[in-house]
Amino acid sequence: MNPNEYLNKCASLTANMSLNKDLLVQFCGEINEAETDRIIEEFESSFKPDEKLLRKRLLIIAVEMTQNLLRHKMKGLPCSFICLRSGNTIEMISLNYIPARLSDTLAFHIDQINNEVGGSIRNLFRESLRHAVISDRGGAGLGFIEMRRKSNNPLLCKFHPVDESISIFELMVTLNIQS
Amino acid sequence: MNLNIASSDKTPLIRALADEGKIEIRGRSIPENSLGFYEPIFDWIRQYAQTPAPKTDLIIELDYFNTSSSKCLLDVFRLIESIALSGHSCLVTWIYESDDEDMMEAGEDYKEILNLPFDIIEKK
């Protein structure tokens, strides 16, 4: 899939996912720091003043997702981020190219995090924080745990192979407002 | 030898007063390059640790922060911990907004990890 095909796929995915839902934020293209700032600004402004705590919790997840897109972007290739709202459910979805060889490791890591529930996610976060190291790309290796913890839902991921060396990583984080 | 860094949309206000032994971090902390932002603070505390005030107060009042900042905050706490271990009085005050469970829990996480006097205070 070339970048143009990818952009078309993003557009069609967004159209399908957003049926009967409010589209709060949509980005598709080559990401940079200015774009992550714009996404977060747009995201913040899409909540009502009385949703302050909800907005903060969602912002933490959105910041982790968009900064992951920025840190792990593949040169010259686009990525996307959308946020949808339907009643009491918020969905945040990111799509980005990754080296195909990382798919299994990533899937295993997310699966392990998803298997943690309740207090054990918190313990996992504490233990991971205790031993965290900032990587060359600027991450601390805590983002997925934080997304799982704050959303209180398993992280959903899919890998769409493009060719032997590249896959598209799709990540969906869902948050039920009453939780 | 004081340190003043104004807040921005993505970084907190930093105010460090050596004579008073007071360090404040307030606002939101979501920079892409957390290490780049916090490095001057690490440097300041390392220098301050050579002749610290009789009592060091670290006050944290954050709206929210990203996970790379959470690691940098832990490093700030570790530096204060080393001042405490050398026999000086140190206190961390973690202030969170009323009803903000996430920030309260974040304070509890650090309190659990650290070996430092650590007050968690709800701001009314």
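Just so we're clear, the structure is a prediction, and the values are computed from it rather than from any experiment. Residue numbering restarts at 1 for every chain, and letters A, B, ... go by the order of the sequence lines.
The neighbour count for Asn88(A) CG, taken as heavy atoms of other residues, nucleotides or ligands under 6.0 Å away, is above 12. Gln47(B) CD: 12 or fewer foreign heavy atoms inside a 6.0 Å radius. The neighbour count for Asn4(B) CG, taken as heavy atoms of other residues, nucleotides or ligands under 6.0 Å away, is above 12. At most 12 non-hydrogen atoms from other residues, nucleotides or ligands lie less than 6.0 angstrom from CD of Glu41(A). No more than 12 heavy atoms of other residues, nucleotides or ligands shown are found within 6.0 angstrom of CG on Asn115(B).
Inter-residue side-chain proximity for Glu32(B) and Asp37(A) is flagged as met; some heavy-atom pair is nearer than 4.5 Å.
Heavy atoms of Asn33(B) lying under 4.5 Å from chain A are absent altogether. At a 4.5 Å heavy-atom cutoff, the contact between Ile113(B) and chain A is made by backbone and side-chain atoms alike. In this structure, the portion of Leu35(B) lying under 4.5 Å from any heavy atom of chain A is its side chain and not its backbone. Within the 4.5 angstrom heavy-atom criterion, no atom of Glu101(B) approaches chain A. In this structure, the portion of Thr36(A) lying under 4.5 Å from any heavy atom of chain B is its side chain and not its backbone.
One hydrophobic cluster, built from ILVMFWY side chains closer than 4.5 Å, cannot hold both Ile59(B) and Ile14(B); they sit in different ones. Phe118(B) and Ile95(B) fall into different hydrophobic clusters, where Ile, Leu, Val, Met, Phe, Trp and Tyr residues are linked whenever their side-chain heavy atoms come under 4.5 Å apart, directly or through other members. Linking ILVMFWY side-chain heavy atoms closer than 4.5 Å, directly or via other members, places Val76(B) and Leu13(B) in two distinct hydrophobic clusters. Leu17(B) and Ile60(B) fall into different hydrophobic clusters, where Ile, Leu, Val, Met, Phe, Trp and Tyr residues are linked whenever their side-chain heavy atoms come under 4.5 Å apart, directly or through other members. Residues Leu85(B) and Phe77(B) do not share a hydrophobic cluster, clusters being chains of Ile/Leu/Val/Met/Phe/Trp/Tyr side chains in contact below 4.5 Å.
Contact between Ile134(A) and Cys72(B) at its shortest, heavy atoms only, is CD1-SG, 4.5 Å. The heavy-atom pair separating Lys71(B) from Ala132(A) by the smallest distance is CE-O, 3.0 Å. Across all their heavy atoms, Asp99(B) and Leu53(A) have their closest contact at O-CD1, 3.4 Å.
For Asp102(B) and Lys56(A), the salt-bridge test fails: no basic side-chain N is under 4.0 Å from an acidic carboxylate O. The pair Glu44(A)-Arg28(B) meets the salt-bridge criterion, since a charged nitrogen lies less than 4.0 angstrom from a carboxylate oxygen.
Here the CD1-CG distance, from Ile61(A) to Asn66(B), works out to 13.5 Å after rounding to the nearest 0.5 Å. The distance from the CE atom of Met147(A) to the OG1 atom of Thr67(B) is 7.5 Å, given to the nearest 0.5 Å.
Comparing Leu129(A), Ile145(A), Val63(A) by heavy-atom pairs within less than 4.5 Å of chain B, the highest count is held by Leu129(A). Of the listed residues (Ile30(B), Asp75(B), Asp9(B)), the greatest number of heavy-atom pairs within a distance under 4.5 Å of chain A belongs to Ile30(B). Your options are Met103(B), Glu108(B), Glu105(B), and the one with the most heavy-atom pairs under 4.5 Å with chain A is Glu105(B). Of the listed residues (Arg122(A), Gln67(A), Lys52(A), Glu127(A)), the one with the most heavy-atom contacts under 4.5 Å to chain B is Arg122(A).
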